[in-house]
Amino acid sequence: MDKTYNHKLHEKDIYTFWEKGGYFPPSPKATEGQGKPFTIIMPPPNANDPLHIGHARFVAIEDTLIRYHRMKGEPTLWLPGADHAGIETQFVFEKRLKEQGKSRFDFDRDTLFKMIWDYVQENKGVMENQLRILGASCDWTRNKFTLDPEIQKIVYKTFKALSDDGLLYRGDRLVNYCTVCGTGYSELEVDRIERTDPLYYVRYKKIDSADYVVVATTRPEPIFADTHLAVNPKDKKNKDLIGTKVLNPLTKQEMEIIGDEFVDPEFGTGIVKLTPAHDFNDFQVAEKHNLPIIRAINPDGKISQAGGKYAGLYVKKARAAIVHDLQENGLIEKIDDKYQHVVGICYRCKTNIEPMTREQWFVKIRPLADKALQAVKKGEVKFAAERFEKIAIHWLKNLRDWNISRQIVWGMAIPAWQCKECNKWIITDSEAPMECSCGSRNLVQDPDTFDTWFSSGQWPFATLQTTEPGDFEYFYPTSVMNTGYDIVPFWVLRMIMLGLYTTGNVPFKNVLVHGLVRDAQGQKISKSKGNVINPIEMADKYGTDALRMGILWGALVESDIALSENNIRGQRNFGNKIWNIARFVLSTPLVSNLQSPTSNEDDERILKELNESIKKITDALDQYRLSEAAEELYEFVWKKFADVYLEKTKDRRGDAQPTLLFVLQESLKLAHPFMPFITEAIWKIANKQYSVNSPQGFFKEEALITARWPAS
RNA sequence: GGAUCCGUGGCUCAGCGGUAGAGCGUUCGAUUCACAUUCGAAAGGUCAGAGGUUCGAAUCCUCUCGGGUCCACCA
């Protein structure tokens, strides 16, 4: 054995040994299944991106749990996958096109899809190999991609079922629209930022007098499309205005002032303009009062035809022109240019979100959310940390209908065809329909694709229903869903809702939410800050084991962690400590006539301490307290075993050898879920040396990965 | 505005009702003996502040201050 452990000499070979040796698929197989299986569906990383440090964290967490349960002898399945990450990927791809002086509009739909498909297939392997580098013991024979045809079939079935159950509707609804990305976004994908913008006080002349009413607005540009103003009927100073008629300052059309309680009397003058086609509040009010909804801004970000002379201008230019015109006519009373408010911006490209009406598919969320809410409250889905249950419940109570269409190419096409004769929609879960019930064959498929979360929300059952026969029946509901708290509302809740809807059962019994990985100072990691930690680089430098221990060490799973290189280096040293314990212990041959246990008090003490540590580590793992388990392991191996016990055996080596071997063997088992490579490497050496010629049968299993977890 | 979390030694974090803990960092010392990716030792905290509950509080309650995160229709 070398003086120090060199991870580069072992990691690759060991992973190959595991993968080729078939240690990852569940054993026994589902169809022969006995006992309770342990299952984790891996949150599929973006197929297109290399892994970042956050992925390393979920690998460390999930692989540790998986290896622990596998060693306990449970049929253990960790199902890997890759996500097509619709908007995200198309965004990146379009950036590449741009570098080549092209854009998505240079290609037809099918060509573009094919191009992105090839691009993603090319990159997907990178991500998968990085999972291997990180030691992920997932079952590659069951690997899935979110756009696999068999997954798509399942998603289509769900879509059709939602339609048949009346939970799907197509409505001319207001959506958050990004004019740059060319797509509608769900509420969740809109970032809110605080910003200072001018607040314009615009005069509206009363029709029956020379007086004005003044309206404060940050959005003067759609004024031409406004037909009503509103005041709060409880607002003493303004309530008398209800019913008053004024003139639209741009079109000179007559406008009526209505009363609605949504108006905040404290904002501006207490009088607001209603722009139902581009504001969520106003839209609601318009629906309530049956007001016309006139589009002022087109999906391309330009002013609509209704804008008259402003039509075709981009919003910003139109605003300047309109403000200028209003000023010329003395219709702007003042401009408060220090007005702070919160605006929605696109979470991808940071462009202003324009709420606008667009035909979209919506899922009625209440029936789904109510069931999910019950399941959470009844504990059918448990959150390992209570506070995330609270957050989930809060969300489930407040969810709105879910817009599941996206106007992008890179995604799963929506299996809905519209008849051009009678405008009816035909939804199918199999072949494209040939003709409409009206007899027409002029059918056009919806050009939209599904929201990524609509398909990935079905991931747990869609994967298991399309792997090996019997998998779904055996492994579903899965044991644990582990994911970052940033996507609990996006993903976890949708999986619960769609899982319950489609299978009648929750998709997983436990939710283990993990925190973010931050830099050593606790700063959020971002490319712009330049504090990115590349997990693959760290694994290369210090070894995967050290990286994984470094990540698990020091903070609870659900908290954010501040990851420093020092920390990883410290764990590399710990690995080396294990290596040298083994070097010490394995350097002395076992005298075969010595029977263990001996009656030496040091031996007895270390065996007692070993038992205590086994118990603590096992308990901690069962409660997902991985940092506690890792710390107990560290403490036992380094302090109790190496520093104290091992030192004391130096003058009685022959006598202590059975105990040394036993404690080393058990320590390797305890350490394996956390540090799989180095422990397997040592095990191989020990197995060669001892499995045959020790009467106690030390290190007898061929591979540590499937050796039995120690019993306390 | 609502929700939620956090404030413990220089740094990053455990502990969550019974005499203050770890890792890193710092200081001092050791070292041909498995490991300098080492070993031994030390310094360093009135557990944000103020009240309260309790025989007893870092740990429970209230308030204040300071940070973070998520949500929200304030145009």
Side-chain angles (χ1 to χ4, degrees), chain A residues 1-6 174 187-188 190-192 197 199-200 215-220 222 226 229-230 260 262-268 270-276 278-285 339-344 355 385-388 390-391 393-395 397-400 485-486 488-489 515-516 518-524 542-543 546 549-550 553-556 558-588 625 627-628 630-632 634-635 638-639 642-643 646-647 649-651 653 660:
Chain A
M1 286 175 85
D2 294 338
K3 210 170 173 187
T4 56
Y5 171 68
N6 182 351
L174 208 54
E187 196 74 27
L188 308 180
V190 178
D191 285 343
R192 308 277 165 183
D197 281 319
L199 182 64
Y200 304 92
V215 169
T217 179
T218 55
R219 299 292 312 265
D226 298 348
L229 301 181
D260 194 285
F262 95 96
V263 179
D264 176 2
E266 300 304 312
F267 174 80
I271 310 169
V272 302
K273 69 190 190 70
L274 295 176
T275 311
H278 301 284
D279 183 279
F280 285 92
N281 269 328
D282 299 2
F283 186 84
Q284 273 182 18
V285 175
Y339 177 63
Q340 278 209 350
H341 64 154
V342 175
V343 294
E386 205 184 322
R387 70 170 192 267
F388 293 112
K390 277 197 239 169
I391 290 171
I393 287 176
H394 184 255
W395 264 98
K397 282 183 177 163
N398 292 298
L399 281 177
R400 295 200 212 164
Y485 56 65
D486 47 341
V488 166
L516 267 34
R518 297 165 176 272
D519 74 5
Q521 282 72 46
Q523 296 291 308
K524 210 165 176 174
Y542 298 105
M549 262 304 260
W553 175 274
L556 301 172
E558 59 267 28
S559 327
D560 291 356
I561 54 171
L563 183 63
S564 73
E565 205 166 325
N566 263 351
N567 191 344
I568 299 170
R569 196 187 316 122
Q571 297 305 330
R572 189 270 318 267
N573 296 354
F574 176 53
N576 197 56
K577 174 58 75 174
I578 298 177
W579 180 260
N580 273 290
I581 292 171
R583 206 155 77 93
F584 175 83
V585 174
L586 298 176
S587 66
T588 300
R625 302 181 61 86
S627 57
E628 206 173 296
E631 284 157 35
E632 177 64 27
Y634 184 99
E635 166 80 11
W638 199 322
K639 306 296 166 192
D643 287 352
L646 190 144
E647 286 301 325
T649 65
K650 282 185 176 169
D651 49 7
R653 279 304 302 278
L660 282 166

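A, B, ... follow the sequence lines: proteins, then strands. Residue 1 opens every chain.
From A/Arg569, atom CZ reaches atom OH of A/Tyr542 across 4.5 Å, with rounding to the nearest 0.5 Å. Rounding to the nearest 0.5 Å gives a distance of 7.5 Å between CD of A/Glu558 and CZ of A/Arg625. A/Ile391 contributes atom CD1, which lies 9.5 Å from atom NE2 of A/His394 (distance to the nearest 0.5 angstrom). Rounding to the nearest 0.5 angstrom, the gap separating the OG atom in A/Ser627 from the CE atom in A/Met549 is 10.5 Å.
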Every protein N/O lying under 3.5 Å from an N/O of nucleotides 38-40 of chain B:
residue	atom	partner	partner atom	Å
B/U38	OP1	A/Asn573	ND2	3.2
B/U38	O3'	A/Lys577	NZ	3.3
B/C39	OP1	A/Lys577	NZ	3.1
B/C39	OP1	A/Trp638	NE1	2.3
B/C39	OP1	A/Asp643	OD1	3.3

Sub-3.5 Å pairs of nitrogen or oxygen atoms, protein against nucleotides 3-5 of chain B:
residue	atom	partner	partner atom	Å
B/C5	OP1	A/Lys390	NZ	3.4

Give every pair of a protein N or O atom and an N or O atom of nucleotides 9-18 of chain B that lie under 3.5 Å apart, one pair per line with the distance.
residue	atom	partner	partner atom	Å
B/C13	O2'	A/Gly554	O	2.0
B/A14	OP1	A/Ser559	OG	3.2
B/G15	OP1	A/Arg625	NH2	2.7

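Between the side chain of A/Asp519 and the backbone N or O of A/Gln521 there is at least one donor-acceptor pair closer than 3.5 Å. Between the side chain of A/Asn567 and the backbone N or O of A/Leu563, no donor-acceptor pair lies under 3.5 Å. Looking at A/Lys524, its side chain never comes within 3.5 Å of a backbone N or O of A/Leu516 through a donor-acceptor pair. For A/Asp279 (side chain) and A/Pro355 (main-chain N/O), no donor-acceptor pair under 3.5 Å exists by modelled atom type.
Only the C1' atoms considered, B/G68 is 16 Å distant from B/C13, to the nearest whole Å. Annotation: B/A14 and B/U8 have their C1' atoms spaced 10 Å apart (nearest Å). Distance noted for atom C1' between B/G40 and B/C47: 29 Å (whole Å). To the nearest whole angstrom, the two P atoms, one in B/G1 and one in B/U59, are 28 Å apart. Comparing the P positions of B/U69 and B/U62 gives a spacing of 25 Å, expressed to the nearest Å. For the P atoms, the distance linking B/G9 with B/G21 amounts to 15 Å, nearest Å. For the C1' atoms, the distance linking B/U32 with B/U27 amounts to 26 Å, nearest Å. Annotation: B/C60 and B/C16 have their P atoms spaced 10 Å apart (nearest Å).
When the nearest nucleotides of RNA chain B are assigned to A/Thr4 and A/Asp282 by heavy-atom distance, the more 5′-ward of the two goes with A/Thr4. Heavy-atom distances to RNA chain B give each of A/Arg572 and A/Asn566 a nearest nucleotide, and the one nearer the 5′ end belongs to A/Asn566.
Across all strands shown, B/U37 has no partner, as no Watson-Crick or G-U wobble contact with both distances under 3.5 Å is found. In this entry B/C70 has B/G2 as its Watson-Crick or G-U wobble partner, both defining distances falling under 3.5 Å. Of the nucleotides present, B/G49 is the one that pairs with B/C63 by Watson-Crick or G-U wobble criteria, both distances under 3.5 Å. Across all strands shown, B/G23 pairs with B/C11; the Watson-Crick or G-U wobble distances both stay below 3.5 Å.
The distance between atom CG of A/Leu516 and atom P of B/U69, rounded to the nearest whole Å, is 10 Å. Here the C1' atom of nucleotide B/C35 and the CH2 atom of A/Trp579 are 12 Å apart, to the nearest Å. For the pair A/Asn398 CG and B/C70 C1', the interatomic distance rounds to 13 Å; values are reported in whole Å. Taking atom CG of residue A/Leu274 and atom P of nucleotide B/C73, one finds them 17 Å apart after rounding to whole Å. Distance, A/Arg569 CZ to B/C24 C1': 9 Å, rounded to whole Å. Note: NZ (A/Lys650) to P (B/U32) measures 12 Å, nearest angstrom. In this structure, CG of A/Leu586 is placed 14 Å from C1' of B/C35, rounded to the nearest angstrom. We find that CG of A/Asp2 is positioned 13 Å from C1' of B/C35, with the value rounded to whole Å.
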Given side chain to side chain contact (heavy atoms under 4.5 Å, CB included), test A/Lys650 with A/Phe584 step by step and report yes or no. CA-CA 10 Å; A/Lys650 282 185 176 169; A/Phe584 175 83; 3.9 Å; yes
Test log, rule side chain to side chain contact (heavy atoms under 4.5 Å, CB included), inputs A/Asn6 and A/Trp579: CA-CA 10 Å; A/Asn6 182 351; A/Trp579 180 260; over 6 Å; no
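Of the candidate nucleotides B/A72, B/A75, B/A34, B/A72 has the atom nearest to the side chain of A/Arg400. Closest to the A/Ala642 side chain, of the nucleotides B/A75, B/G23, B/A34, is B/A34.
Ring geometry for A/Tyr634 against A/Trp553 counts as tilted: the plane angle lies between 30° and 60°, on a 0 to 90° scale.
Checked options A/Leu586, A/Leu660, A/Asn576, A/Leu646; the residue passing with A/Ile581 is A/Leu646 (criterion: side chain to side chain contact (heavy atoms under 4.5 Å, CB included)).
Across all non-hydrogen atoms, the minimal contact from A/Arg219 to A/Thr217 is N-OG1, 2.9 Å.
When side chains are defined from C-beta on, A/Ser587 does not count as touching A/Met1, because their heavy atoms never get closer than 4.5 Å.
Residue A/Asn567 is classed as having no contact, given no heavy-atom separation below 4.0 Å to the nucleic acid. Nucleic acid contact for A/Trp553: sugar-phosphate only, since backbone atoms but no base atoms lie under 4.0 Å from a heavy atom of the residue.
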